[in-house]
Student: 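The structure follows.
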Amino acid sequence: QVQLVESGGGSVQSGGSLRLSCAASGITYSTYCMGWFRQAPGNEREGVAVIASDGGAAYADSMKGRFTISRDNDKNTMYLQMNNLKPEDTAIYYCAARVGSWLLLQPTAYNYWGQGTQVTVSS
């Protein structure tokens with residue numbers, strides 16, 4: 001059974017930082033492309049950053065320079081370091097996984113999803 005469990009969300013002030021984690025089980029982690037997505041109320045789910053098994057990564061334009069995605073294949077865990085957070089970053093952040101190595105930011109490309117973790121940024 002595939003499980004993706006996010007942690008690390010919370011409430012911060014504008015300009016603050018958070019580090020999200022996603023622990024995976026039930027998959028051959030090193031063969032999966034992993035990604036972070038987010039969904040704000042009233043908005044569609046959008047790609048934040050994705051990372052291939054070899055560490056290659058891609059980011060949505062609005063996150064470049066502020067967010068850093070990484071993964072530890074020995075621990076089956078992925079991370080998202082978020083710096084200089086803005087109120088518009090407020091959303092539920094989801095971890096997702098897909099077989100393959102292509103760096104795709106479209107949510108529809110991902111097979112497995114976590115339950116999400118809330119990130120709230122106040123001004």
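Every value quoted in this text rests on a predicted model; they were computed, and no experiment measured them. This chain uses plain numbering: 1 for the first residue, then up along the sequence.
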Student: Taking only residues two or more places apart in sequence or in another chain, which ones pass side-chain hydrogen bond (donor to acceptor under 3.5 Å, both in side chains) with Ser25?
Tutor: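 For Ser25, no residue satisfies side-chain hydrogen bond (donor to acceptor under 3.5 Å, both in side chains) once neighbours in sequence are set aside.
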
Student: Given Leu4 and Met34, is the side-chain contact (heavy atoms from CB on, under 4.5 Å) satisfied, shown in steps?
Tutor: CA-CA 10 Å; Leu4 302 176; Met34 303 294 296; 4.1 Å; yes

Student: Do Val2 and Val99 sit in the same hydrophobic cluster, where Ile, Leu, Val, Met, Phe, Trp and Tyr count as joined when their side-chain heavy atoms come under 4.5 Å apart?
Tutor: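 Yes, Val2 connects to Val99 through the hydrophobic network.
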
Student: Could you see if Val121 belongs to whatever hydrophobic cluster contains Phe67? Use Ile, Leu, Val, Met, Phe, Trp, Tyr and a side-chain cutoff under 4.5 Å.
Tutor: yes

Student: Any chance you could measure Lys86, atom NZ, to Ser122, atom OG, to the nearest 0.5 Å?
Tutor: 15.5 Å

Student: Just jot down the salt bridge (Lys or Arg N to Asp or Glu O under 4.0 Å) partners of Lys64, sequence neighbours excluded, or say none.
Tutor: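 Partners of Lys64 under the salt bridge (Lys or Arg N to Asp or Glu O under 4.0 Å) test: Asp61.
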
Student: Ala97 and Ile27: which non-hydrogen atoms are nearest, and at how many Å?
Tutor: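 Answer, listing the atom of Ala97 first, then Ile27: CB-CD1, 4.3 Å.
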
Student: Can you name the side-chain hydrogen bond (donor to acceptor under 3.5 Å, both in side chains) partners of Thr120, sequence neighbours left out?
Tutor: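 Result, side-chain hydrogen bond (donor to acceptor under 3.5 Å, both in side chains) vs Thr120: Gln118.
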
Student: Enter the distance from Ser21:OG to Arg71:CZ here, rounded to the nearest 0.5 Å.
Tutor: 14.0 Å

Student: In Å, rounded to the nearest 0.5 Å, how long is the span from OH of Tyr59 to CG of Leu80?
Tutor: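 One gets 7.5 Å once the value is rounded to the nearest 0.5 Å.
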
Student: Please enumerate all residues that pass ring-ring contact (aromatic ring centres under 6.0 Å, His included) together with Tyr32, with sequence neighbours excluded.
Tutor: none

Student: What residues, two or more places apart in sequence or in another chain, satisfy disulfide (SG to SG under 2.5 Å) together with Cys33?
Tutor: none

Student: Can you name the residues that form a salt bridge (Lys or Arg N to Asp or Glu O under 4.0 Å) with Asp74, not counting sequence neighbours?
Tutor: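 Not a single residue meets the salt bridge (Lys or Arg N to Asp or Glu O under 4.0 Å) criterion with Asp74.
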
Student: Would you please name every residue forming a salt bridge (Lys or Arg N to Asp or Glu O under 4.0 Å) with Arg98, sequence neighbours left out?
Tutor: none

Student: Identify the heavy atoms of Ala57 and Ile69 that sit nearest to each other, and give their distance.
Tutor: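 For Ala57 versus Ile69, the nearest heavy atoms are CB-CG2, 3.6 Å.
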
Student: Would you mind writing out the side-chain donor-acceptor pairs for residues 105-113 within the sub-3.5 Å range, not counting sequence neighbours?
Tutor:
residue : atom : partner : partner atom : Å
Tyr110  : OH   : Leu104  : O            : 2.6
Trp113  : NE1  : Tyr110  : O            : 3.4

Student: Please list all pairs passing the side-chain hydrogen bond (donor to acceptor under 3.5 Å, both in side chains) test where one or both residues lie in residues 7-17, with sequence neighbours left out.
Tutor: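 The answer is Ser17-Asn83.
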
Student: How long is the gap from CE on Met63 to CH2 on Trp36, to the nearest 0.5 Å?
Tutor: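 Going from the CE atom of Met63 to the CH2 atom of Trp36 covers 12.5 Å.
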
Student: Measuring from Glu88:CD to Ser123:OG, what's the distance to the nearest 0.5 Å?
Tutor: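 It comes to 10.0 Å.
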
Student: Would you sort out whether Leu20 and Met82 count as a side-chain contact (heavy atoms from CB on, under 4.5 Å), showing the intermediate values?
Tutor: CA-CA 8 Å; Leu20 306 183; Met82 303 187 293; 3.8 Å; yes

Student: Ignoring hydrogens and angles, write down the donor-acceptor pairs under 3.5 Å from the side chains of residues 45-54, residues two or more places apart or on other chains.
Tutor:
residue : atom : partner : partner atom : Å
Arg45   : NE   : Gln39   : OE1          : 3.3
Arg45   : NH2  : Gln39   : OE1          : 3.4
Glu46   : OE2  : Arg38   : NE           : 2.6
Glu46   : OE2  : Arg38   : NH2          : 3.2
Ser53   : OG   : Ser30   : O            : 3.2
Asp54   : OD1  : Gly56   : N            : 2.9

Student: Please list all pairs passing the ring-ring contact (aromatic ring centres under 6.0 Å, His included) test where one or both residues lie in residues 70-101, with sequence neighbours left out.
Tutor: none

Student: Do you reckon Leu103 sits in the same ILVMFWY cluster as Phe37, going by side-chain contacts under 4.5 Å, direct or chained?
Tutor: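 Result: yes, single cluster for both.
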
Student: Please name all residues satisfying side-chain hydrogen bond (donor to acceptor under 3.5 Å, both in side chains) with Gln115, sequence neighbours left out, ordered by chain then number.
Tutor: none

Student: So does Cys95 get a backbone contact from the side chain of Glu6, meaning a donor-acceptor N/O pair under 3.5 Å?
Tutor: yes

